[in-house]
Amino acid sequence: MEKKGHHIEMIQEGQMNIFEADYLKKEQEALKMVDQAMAKLSAELRVERVNPYVAAVGNFLMDFLKDNPSSADKFMAEGKTIIGSLKVVRKEAQKVQVDNCGVLTSEQGFQIVLKYFGIKPTGTTATNKAGEQSAPNIQKESVEAPRTVQGFEASLDEFL
């Protein structure tokens with residue numbers, strides 16, 4: 001095998017090589033994308049501030065984004081909104097409704113929201129006693145679901 005002469009250039013202290021400069025540029029772009037995603041979520045939270053469900057999901061997504069900055073581009077996707085994710089959660093709850101009442105756990109709801117934004121669930125799926133798969137575990141859940149007042153429904157025929 002033939003020996004080839006390799007040239008190693010010493011870099012003065014304080015100078016960056018080409019690889020470091022490229023890495024810093026990509027890192028700055030990623031931080032910019034995270035800031036834009038946070039701004040988009042914050043804007044929707046300001047517009048829909050009276051809706052407690054938008055606030056709960058929005059706060060969850062902002063916490064998720066802080067822990068997973070690489071997913072910022074998913075939140076920036078055109079047409080993806082917190083309200084849109086709540087509509088998907090509603091459709092999923094309607095699929096499991098019994099006697100006109102569909103309920104999901106907060107864990108299931110947040111997993112549906114993440115799936116809506118194109119983020120694959122993290123964690124492992126657990127199997128319950130009936131053998132059905134439950135939603136995957138969320139690594140960090142910092143938002144409590146808002147409590148709602150239970151409604152009362154009765155027809156006139158029930159009282160007669």
Side-chain angles (χ1 to χ4, degrees), residues 21-160:
D22 188 44
Y23 174 77
L24 287 176
K25 182 180 177 184
K26 288 180 182 178
E27 191 174 83
Q28 288 173 346
E29 289 173 4
L31 289 174
K32 185 178 177 182
M33 181 70 80
V34 169
D35 289 342
Q36 290 173 345
M38 286 287 206
K40 179 181 176 184
L41 293 172
S42 295
E44 189 171 359
L45 284 173
R46 278 192 303 276
V47 170
E48 299 291 336
R49 65 180 170 258
V50 277
N51 187 334
Y53 300 109
V54 171
V57 171
N59 289 329
F60 165 77
L61 291 175
M62 291 176 88
D63 287 343
F64 182 86
L65 187 56
K66 287 176 190 173
D67 294 340
N68 304 284
S70 62
S71 61
D73 60 327
K74 306 284 186 183
F75 296 107
M76 294 301 296
E78 187 70 31
K80 297 290 184 177
T81 62
I82 298 170
I83 293 285
S85 71
L86 287 174
K87 289 178 182 177
V88 173
V89 170
R90 182 180 188 180
K91 287 179 185 177
E92 290 297 319
Q94 287 175 338
K95 290 179 183 177
V96 296
Q97 74 182 5
V98 176
D99 291 334
N100 222 11
C101 179
V103 178
L104 299 172
T105 65
S106 58
E107 185 176 306
Q108 291 169 324
F110 289 133
Q111 288 299 324
I112 293 166
V113 168
L114 291 176
K115 188 177 176 184
Y116 166 81
F117 280 101
I119 300 168
K120 293 184 179 178
T122 57
T124 58
T125 57
T127 306
N128 61 20
K129 292 179 184 176
E132 299 171 355
Q133 282 192 344
S134 62
N137 295 329
I138 295 175
Q139 291 177 349
K140 180 180 178 189
E141 186 173 320
S142 63
V143 179
E144 291 182 25
R147 294 187 175 137
T148 58
V149 179
Q150 292 181 337
F152 175 76
E153 285 187 31
S155 67
L156 186 58
D157 293 334
E158 291 175 341
F159 291 108
L160 295 178

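Numbering of residues begins at 1 and proceeds along the displayed sequence.
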Please list all pairs meeting ring-ring contact (aromatic ring centres under 6.0 Å, His included) that have one or both residues in [range], counting only residues at least two apart or in different chains.
| range | value |
| --- | --- |
| residues 79-102 | none |
| residues 89-109 | none |
| residues 65-98 | Phe75-Phe117 |

Partners meeting ring pair (Phe, Tyr, Trp, His ring centres under 6.0 Å) with Tyr116 (sequence neighbours left out):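 For Tyr116 there are no ring pair (Phe, Tyr, Trp, His ring centres under 6.0 Å) partners, ignoring immediate neighbours.
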
Just verifying a value: how many Å separate [X] [atom1] and [Y] [atom2], rounded to the nearest 0.5 Å?
| X | Y | atom1 | atom2 | value |
| --- | --- | --- | --- | --- |
| Asn51 | Ile82 | CG | CD1 | 9.5 Å |
| Asp73 | Met76 | CG | CE | 9.5 Å |
| Phe64 | Lys74 | CZ | NZ | 10.5 Å |
| Glu78 | Thr81 | CD | OG1 | 10.5 Å |
| Gln97 | Arg90 | CD | CZ | 10.0 Å |
| Leu41 | Arg46 | CG | CZ | 11.0 Å |

Asn68 side chain to Ser70 backbone, donor-acceptor under 3.5 Å: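 Judged by distance alone, no pair lies under 3.5 Å.
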
Val54 backbone acceptor or donor facing Glu48 side chain under 3.5 Å: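 No.
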
Which pair of non-hydrogen atoms, one from [X] and one from [Y], has the smallest distance, and what is that distance?
| X | Y | result |
| --- | --- | --- |
| Val103 | Val96 | O-CG2, 3.9 Å |
| Ala72 | Leu65 | CA-CD1, 3.6 Å |
| Ser85 | Val57 | OG-CG1, 4.0 Å |

For residues 31-38, which side-chain donor-acceptor pairs fall under 3.5 Å, sequence neighbours excluded?
none

Residues, nucleotides or ligands: over 12 heavy atoms within 6.0 Å of Lys91 NZ: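 For Lys91, atom NZ is not crowded (no more than 12 foreign heavy atoms under 6.0 Å).
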
Partners meeting salt bridge (Lys or Arg N to Asp or Glu O under 4.0 Å) with Glu92 (sequence neighbours left out):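 With sequence neighbours excluded, Glu92 shows a salt bridge (Lys or Arg N to Asp or Glu O under 4.0 Å) to Lys95, given in chain and number order.
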
side-chain contact (heavy atoms from CB on, under 4.5 Å) between Leu45 and Met62, worked out: CA-CA 11 Å; Leu45 284 173; Met62 291 176 88; 3.6 Å; yes

Working for side-chain contact (heavy atoms from CB on, under 4.5 Å), residues Leu61 and Leu114: CA-CA 8 Å; Leu61 291 175; Leu114 291 176; 4.1 Å; yes

